[in-house]
Each structure stands twice: as C-alpha cells, then as structure tokens.
Amino acid sequence: MEVPKEMKAWRAHAYGEEGNPADTIGKMTLDTVPVPEPKKGQVLIKVELAAVNPIDWKLFSGGLHGIAPVSFPYVPGFDLSGTVAKLGEGVTGLAVGDEVCVDTGLCETCCTDSPCGPAGAFGEYAVALADTVAKRDGLSSKDLVGLPLAGLTSYQAIFTGAGRDFAGAELGKLSAGQKLLVLGGAAATGAIAIQLAKTVGAYVATTASPNKTSDGMSKIDFMKQLGADEVINYKEADWADVLAGKDYDLIFDCVGTPEDWPKASKVLKKGGTFVSIANFGDVKSTEDHAFKVFLLKSNADDLTKLVALVKAGKLKVPVDSIVPFTDVPAVLTKSMSWASAGKLCVQVSS
Ligand SMILES: NC(=O)c1ccc[n+]([C@@H]2O[C@H](COP(=O)([O-])OP(=O)(O)OC[C@H]3O[C@@H](n4cnc5c(N)ncnc54)[C@H](OP(=O)(O)O)[C@@H]3O)[C@@H](O)[C@H]2O)c1
C-alpha cells in the first residue's frame, strides 16, 4: 500500500482555559502533518472511521494531567477502524492490507515516553501497538469502530480479562444466574455490558431515561431490546429503592454519580462488588462490599473475543451517528452533552 508523506489531522493545541474542554475544542485546527512512522512493535493504520469517547474531551480539561500528560499539539481520539498500511520492525501476525480495529490506548499514547502517539484517531493515519490491534474478520468498520474502547472497558469490568483495579485486583467475574445492575445502560459502555452479561446467562437490571435514541425509540425500550430484564427510569425512581434487598452480585457504574456507591449496600449481596469506570473520588471498600475503579487495558486478546461476539450476532455496538471528518469539533461538543445514544462516529476516509 502506498503511504503518502503527509496527511490531514485534527489537532488540539492547549488545555482549555479554566479547565474548560469546550475552549480546546473551539480552537482545534485541521492541519497537514507528517504521516507518523511505526516503530518497533507498532503498525501504521489508514483510518476509515474513528469513534468519539468522553475521554477524548475530558483530557482537554487538564484535570487528567497526572495520569495522561498529553503534549500539545496532538491528534486526539483513540477508537479507530481501518486498514494496516505499514508494519514496524518485529511485527508478526498482522500484514499490510489487514482490516483492523483498535483502541490506541490512553497510557500507550498520551503518557510521558509513551510508545505511540500522542493519541491519533482523528487523523488520516494513526500508529498503534500491534498487540492492541484486532482483525475485523470480515466485519465492516461501522460494525466495529465503536467497539474497542467501550467494549474492552465493559468486558474487563464484568469479566476482568486483562483489566485490573488500581490496587492490581481482579474486577468482575460475572457468571450464569448471577445478577448485574448496570448504572447507565444507555451509555455506550452500559449498552455493551448488558449484552455481554446476557451472553453468559446473567440477570440484568439497568437505569435509563425515556429520552429518545437516534431512531426515535425510548432509551427504556432500547434497553429491553438489548436484553435487559428490568429497566428503572432514573428520572422517576431511585434504583436503590427499587432493588433494595435483591442481593445483586455486581454493580457496573458507567455514570459516576458520587451518591451511588453509598447506596449500593442496599442492593448488593454480602461480598458483592461495585465496579466503577467514572467515579474517581476518594472512595473505600467496606467490610461487606468491594469498590473497584479502573482504567481499561487495551489489548488484542480481549478485543478479538469481542469481535467474535459481534461476528456471532451476540453483540451489537449501538451507533448514534456518523459525521464527516470536517465535523470533529462538533461531534466532540455533542459528546460533552452526554445525550448520545450509542457511539458518535467520524468518517475519516472512504
Ligand atoms: N475508566 C475507564 O477506563 C473508562 C472507559 C470508558 C468510559 N469511561 C467513562 O465512563 C463514562 C461513560 O462513557 P460512555 O462512552 O459509555 O458514555 P456515553 O455513551 O457518552 O453516555 C451517554 C449516555 O449516558 C446516559 N446517562 C447520562 N446520565 C445518566 C444517569 N444519571 N443515569 C443513567 N444514564 C445516564 C445518557 O442517557 P440520557 O439521555 O438518559 O441522559 C446517554 O445515553 C464516561 O464518564 C467515560 O469517561 C471510563
């Protein structure tokens, strides 16, 4: 595959004034920059579609500088789907022309001395570590572009896989007959978690509102369509009152409201676990219930299992919309409103 020397890429130039991500978004520019060169163990991917995740704009606040100190200017975005264009030294198992998807990884691209990046999904070409890249196995970019970051997060939250909490402990171990509560089932992570839990025969309750999906369906009905056994309208009822005493095994928190963990003891069985991906406050486990918070670990093994579930028709990644490459700032702004129903995607090339 012929690789050009230069490409178009959206770049962010500084943390937002007073920590406001909208300021960074408003000052992003579509630039012509050199195509990155894959180093040892890396691949260059021609990006067809990219997907937005809240972390893309959360980074712009500067509040995550301690975890992921991005260096400006950089190309934001982590989720992408495309075609391998070039192999770095020592890469085996992937070939030029392979159709792939990947979460390029927060720590892998944005930390000081990180091996790739910084970041890079919102550009025509991006570099990723080969051992984070999964082949698409005949599936389209649209089927898979929203899968890597949200899918790996949900998979690791409820089954652990390559994920670990900040103390190195395993995360969820959901199995048949167990009960899972997903807080925020209409979030991309939540929608994937509901389906993953059903694949192992768990009972699933979730919270959602009657707000509409892009198809005009109520998010409550959408949750049922995904397989949720019980949907609680969080605008009208408190999940802790509705499910009190029901002995849930696991709560997966995709919302991060600080008031949720203190209520969990009403719903969790003794020894139950609350896994959050969005509550990074100073929270401690109790004698009866474990609180765990983590950052997903991008890796090809877990992602390949998820691709296989999509291929088998057991998992569908909801897509809110696909916008043109010129609309990257607009779609990041939409993500900040927390109102999407599924993945917000960007057509980077055809
Ligand atoms: N730690 C990690 O490794 C990790 C990885 C991935 C994501 N995350 C974090 O996890 C969170 C979810 O990410 P995402 O990409 O799944 O989000 P998303 O798809 O952008 O979430 C939007 C959805 O959340 C729903 N929602 C908003 N407030 C809610 C509430 N109080 N209760 C129930 N549903 C609510 C909205 O529905 P309504 O219309 O009802 O408001 C909307 O459908 C973000 O904070 C993200 O940064 C962390």
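Counting starts at 1 for both ligands and their atoms, in listed order. Note that the structure is a prediction, hence the values are computed from the model and not measured.
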Heavy atom of [X] under 4.0 Å from ligand 1?
X: L295; result: yes
X: F280; result: yes
X: S335; result: no
X: A208; result: no

Please list, in number order, the atoms of ligand 1 under 4.0 Å from a heavy atom of [X].
X: G184; result: 33 (C), 34 (N)
X: K58; result: 44 (C), 45 (O), 46 (C), 47 (O)
X: K219; result: 36 (C), 37 (O), 38 (P), 39 (O), 42 (C), 43 (O)
X: F294; result: 1 (N), 2 (C), 3 (O)
X: V255; result: 30 (C), 31 (N), 32 (N), 33 (C)
X: L149; result: 5 (C), 6 (C)
X: T153; result: 4 (C), 5 (C), 6 (C)
X: N211; result: 38 (P), 39 (O), 40 (O), 41 (O)

Students should be able to answer this: which protein heavy-atom is nearest to [atom], and at what distance?
atom: atom 23 (C) of ligand 1; result: A187 CA, 3.6 Å
atom: atom 41 (O) of ligand 1; result: Y234 OH, 3.0 Å
atom: atom 40 (O) of ligand 1; result: S209 OG, 2.6 Å
atom: atom 43 (O) of ligand 1; result: S340 O, 2.7 Å
atom: atom 12 (C) of ligand 1; result: C254 O, 3.3 Å
atom: atom 16 (O) of ligand 1; result: T189 OG1, 2.6 Å
atom: atom 15 (O) of ligand 1; result: P54 CD, 3.2 Å

Shortest non-hydrogen contact between S276 and D253, atoms and distance: OG-OD2, 2.8 Å
- request: Report the C-alpha separation of F291 and N279 in whole Å, then their side-chain angles, then the decisive distance to 0.1 Å, and conclude whether the side chain to side chain contact (heavy atoms under 4.5 Å, CB included) test is met.
  value: CA-CA 10 Å; F291 175 91; N279 181 351; 4.2 Å; yes
- prompt: Quick one: do Y234 and I277 end up in the same hydrophobic cluster if we chain Ile, Leu, Val, Met, Phe, Trp and Tyr together by side-chain heavy atoms under 4.5 Å apart?
  reply: no
query: Are V47 and V145 connected in a single hydrophobic cluster, I mean Ile/Leu/Val/Met/Phe/Trp/Tyr linked by side-chain heavy atoms less than 4.5 Å apart?
result: no
Inter-residue atom distance [X].[atom1] - [Y].[atom2], 0.5 Å rounding:
X: T153; Y: D302; atom1: OG1; atom2: CG; result: 10.5 Å
X: D56; Y: L106; atom1: CG; atom2: CG; result: 10.0 Å
X: N20; Y: I25; atom1: CG; atom2: CD1; result: 8.5 Å
X: I192; Y: F252; atom1: CD1; atom2: CZ; result: 9.0 Å
X: E236; Y: I220; atom1: CD; atom2: CD1; result: 7.5 Å
X: K297; Y: C107; atom1: NZ; atom2: SG; result: 7.5 Å

Option nearest atom 19 (O) of ligand 1 (shortest heavy-atom distance, choices A191, G151, A188): A188
task: Classify the contact between L296 and ligand 1 as side chain, backbone, both or neither, using a heavy-atom distance cut-off of under 4.0 Å.
output: both
- prompt: With a 4.0 Å heavy-atom cut-off (strictly under), which part of W338 contacts ligand 1: side chain, backbone, both or neither?
  reply: both
query: Checking salt bridge (Lys or Arg N to Asp or Glu O under 4.0 Å) for the pair K86/E37: CA distance, chi angles, key distance, verdict?
result: CA-CA 8 Å; K86 199 170 182 181; E37 188 64 27; 3.0 Å; yes
Taking distance alone, with N or O pairs closer than 3.5 Å, would you say [X] contacts ligand 1?
X: I277; answer: yes
X: A278; answer: no
X: T207; answer: no
X: K343; answer: no
X: K235; answer: no

query: With a 4.5 Å heavy-atom cut-off, do T109 and Y74 have their side chains touching?
result: no
message: Using a 6.0 Å cut-off, check whether atom NZ of K263 has over 12 heavy atoms from anything other than its own residue.
response: yes
- prompt: Would you say E17 has more than 12 foreign heavy atoms packed within less than 6.0 Å of its CD?
  reply: no
From CA spacing to verdict: side chain to side chain contact (heavy atoms under 4.5 Å, CB included), N53, K58: CA-CA 9 Å; N53 289 281; K58 283 185 179 182; over 6 Å; no
- request: I would like to know whether T286 and D288 meet side chain to side chain donor-acceptor pair (under 3.5 Å); could you show each step before the answer?
  value: CA-CA 5 Å; T286 64; D288 289 339; 5.7 Å; no
